[in-house]
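Below, chains carry the letters A, B, ... as their sequence lines are ordered, and counting in each starts from 1.
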Amino acid sequence: MNGIHDMGGMHGFGPIAPEPGEAVFHETWERRMFGLRRAMTSPPGFSIDRFRFLRETMPPAIYLTWSYYEHWYFATALSLLQAGMITIDELRTGRAAAGRPKRNDAMRPADVDHAMRAGGKFARAVNTPPRFSLGQAVAARNLNPTGHTRLPRYARGKRGLIHHWHGGHVFPDSSARGGGECPQHLYTVMFSARELWGGDAAPNDKVYLDLWESYLDPT
Amino acid sequence: MNGIHDMGGMHGFGPIAPEPGEAVFHETWERRMFGLRRAMTSPPGFSIDRFRFLRETMPPAIYLTWSYYEHWYFATALSLLQAGMITIDELRTGRAAAGRPKRNDAMRPADVDHAMRAGGKFARAVNTPPRFSLGQAVAARNLNPTGHTRLPRYARGKRGLIHHWHGGHVFPDSSARGGGECPQHLYTVMFSARELWGGDAAPNDKVYLDLWESYLDPT
Amino acid sequence: MAQDHPHDHEHLVGQVPSDPALRIKALESVLLELGLVDPATIDAWIETYETRIGPHNGAKVVARAWVDPAYRQRLLADGSAAIAEMDLLGVQGQHMVVVENTPSVHNLVVCTLCSCYPWPLLGLPPRWYKSAPYRSRAVMDPRSVLREFGVELSPDVEIRVWDSTAEIRYLVLPERPPGTEKMSEGDLASLVTRDAMIGTARVGPPSTRTP
Amino acid sequence: MAQDHPHDHEHLVGQVPSDPALRIKALESVLLELGLVDPATIDAWIETYETRIGPHNGAKVVARAWVDPAYRQRLLADGSAAIAEMDLLGVQGQHMVVVENTPSVHNLVVCTLCSCYPWPLLGLPPRWYKSAPYRSRAVMDPRSVLREFGVELSPDVEIRVWDSTAEIRYLVLPERPPGTEKMSEGDLASLVTRDAMIGTARVGPPSTRTP
């Protein structure tokens, strides 16, 4: 979706504010939300892509107002609501409705180290050969799906060169809608800053994006 | 600027909410802000383009949260602040600082009808002939200025046909920064929906934009 | 004038009253004290747009075009000149283009970058016209927008969206509904709605008309 | 699962506690009651990223590359494999690419669409990395971004911005500062800052280093 999250190339957000000596978490509730997200049992079919997509569906003014771990809250709570695993009343009151069964299969502390080390692998076999070769000229397609995509607006329709081939990776556009992993070849594509931003950009600057095969056309 | 105001082609703002029997104004303060804006003495060099640009510089979360006549307030107050015609204390308290001179040249009620009928003419003579002719194929430039522009992001780099020539018109990009009217030829350019939004758009649909000559290249 | 002072922004939003009524009252009071505004002039502007100027102006133009083929032709060829004949040009509507709906073409007007709108013919824009949902979607997905207004178009109909990026203002000339052949120009004007002249509605026949 | 319920959104934002501490406490309490989370596991995850995992991991990789040319070569050729040698892969950093700064090339890492970041090597991202100002401007105007971090680059230097749009994570291999020829790998690692591995800082010589 062409949402407020797709910020690359926007003006008007003001200065960056680096914070010397910044702590890992600023508030106790940030710490709790982080740990809760990592430790909790997710709905069936949940994925990092679904998690990102739900964050993108936040009302734009809320997206800009709520801070990072509040985005996590939003997507987590919404995923549970959508799966029927929690009710709005429970989210409001902090108390489970009477008579709800209690599960006993949540992640245990002893599982954390393994989950941290082994989790988050997205490379997958793809049976077809890659369509593009290193150095090949490609154009990012002009796609405007209402669902999740990892092709930012600023790159659409722009021409670049295949810089690297990563093999097959889970395709987020499918995974985010619960449509399965549908892996595709993934490439790093190099775009010149001038192609992306016009003649005022520095002549030698480049922007590299990781783009799935179906985002690309040969030119 | 590529600001939050440049909304064409975004998803995620939810349904449109037409309001049957809607009043011209919803709140008394909307009515006052409208009348104030039309009646007040503006800073020297103020223009509708400057007014629009100041609205665009609102912090994006505020832009999305404040309603329309609050945008007017923001741009009006900021223009007066920038011109030194008002202070932040005066805006906060609603009282002019002690010893401020009082002017006597504000618009009078008898001037309103004429201002309504005769105001807002932006056609200007341009000494050069128009660069483009009817039916000519053009491309909107990939411009990303930090200042005001009336070339929306969704049309940049896209190809269309000259549909109409309007003669010379005040150039907002210049007028908005106090750089003078610098009139340019103005054209209506027809873009196919598929050129703008890709192959999922309806094949016959079109979008027409009014674009100044310096926004365009021949193709 | 040409300079921007980024600090003013936060300054402004953070320091002025958060209640818009108080905020705008404060601005009005100071401008009044400084002689930068005459309250009677404020009232005159409000009165102009609350009572004198509104969609009934545009409706007069539409009805004239429906009954007078020569006027219709002039209107489509040079909107400003034809509307000037009826003395209906004005601020936010000096440079007018009129676009005509037909069985095969439907026009829709938007301003994606702000909320440009033909004030002299339609009055001040409704809230939805100024809203992010309308501004964002009208150019990319006009059919879903029209559906929310209850207008379902055949896939064969060509939609022309007019994004008001300059000081040109657009008015849609809707199709004259069937069963109105004997109606007077004045009665026809009373059928024409604001939304029909923006392009988010059709003009219904007299019996089924909704306000 | 595949369906979206747009009404849930407003529902959610409007009906849950507005204070994030209360809101998140409520969520945690319900999940605990339902047996969907073990509080000790929450603590273990927090402890992992507050104490064990952080920029000191990435710094080890950088220092190793500085002292061991063969490792540097393996690291640039296949980041994941070379980092696996040091047992430093993990969630949000299984597919690693390392990009090298030189006198003529400066690399900068961003995630415009969310906040992707190499957790196993740098820990959790700082607030500015997740902020709209950084995400919006890094790809379009990296020089102004770098200037805000005090990094002024000659116009001759080629900037390469890496927008983390997939599950590939990027680490910048900064230039080894002069005057460090005799330093041990461990001492070198202590020079390497988080920002230098994102690309918003250089590594300064030992005497002028700032935290």
Exercise for the section: Supply the atom-to-atom distance B:R150 CZ to C:C116 SG, rounded to the nearest 0.5 angstrom. Expected result: 4.5 Å
Problem - C:E47 atom CD, over 12 foreign heavy atoms within 6.0 Å - result: yes
Problem - Presence of salt bridge, B:D113 and C:R52, under 4.0 angstrom - result: yes
Exercise for the section: Sequence neighbours left out, what passes ring-ring contact (aromatic ring centres under 6.0 Å, His included) with B:H169? Give chain and number order. Expected result: C:H95
Problem - Stepwise salt bridge (Lys or Arg N to Asp or Glu O under 4.0 Å) test for B:R52 and C:E167 - result: CA-CA 12 Å; B:R52 291 198 184 107; C:E167 297 299 339; 2.8 Å; yes
Completion exercise
Taking every heavy atom of C:Q15 against every heavy atom of B:R92, the minimum-distance pair comes out as OE1-NH1, 2.8 Å
Exercise for the section: Drop me the distance from B:D210's CG to C:R169's CZ, to the nearest 0.5 angstrom. Expected result: 9.0 Å
Handout entry: Any donor-acceptor pair under 3.5 Å from B:W197 side chain to C:V139 backbone
Key = yes
Practice task
Could you check C:W119 against B:F34 for ring pair (Phe, Tyr, Trp, His ring centres under 6.0 Å), going step by step and ending with a plain yes or no?
Solution key: CA-CA 13 Å; C:W119 289 8; B:F34 172 77; 5.8 Å; yes
Fill in the blank from the handout: Separation between CG (C:L22) and CH2 (B:W29), nearest 0.5 Å, reads 11.5 Å
Problem - Salt bridge flag under 4.0 Å for residues C:R143 and B:D205 - result: yes
Exercise for the section: Look at C:L124, C:V16, C:D141 and state which one has the largest set of heavy-atom pairs under 4.5 Å with chain B. Expected result: C:L124
Handout entry: Part of B:L209 within contact of chain C (heavy atom distance under 4.5 Å)
Key = both
Completion exercise
Greatest number of non-hydrogen atom pairs under 4.5 angstrom with chain C, of B:G84, B:A115, B:A201, falls to B:A115
Exercise for the section: Inspect the contact between C:R135 and B:D6 and indicate whether a charged nitrogen and a carboxylate oxygen are less than 4.0 angstrom apart. Expected result: no
Problem - Value rounded to 0.5 Å, distance of CG in C:L34 from CD1 in B:I86 - result: 6.5 Å
Practice task
Would you mind checking which part of B:T149 comes under 4.5 Å of any heavy atom in chain C, side chain (CB onward), backbone (N, CA, C, O), both or neither?
Solution key: backbone
Handout entry: C:D78 CG: over 12 foreign heavy atoms closer than 6.0 Å
Key = yes
Exercise for the section: Take C:V99 and B:Y208 through the test side chain to side chain contact (heavy atoms under 4.5 Å, CB included) and record every step on the way to the result. Expected result: CA-CA 11 Å; C:V99 290; B:Y208 295 75; over 6 Å; no
Handout entry: From CG (B:L36) to OG (C:S29), nearest 0.5 Å
Key = 9.5 Å
Handout entry: Salt-bridge criterion met for C:E33 and B:K102 (N-O under 4.0 Å)
Key = no
Handout entry: Salt bridge flag under 4.0 Å for residues B:E27 and C:R23
Key = no
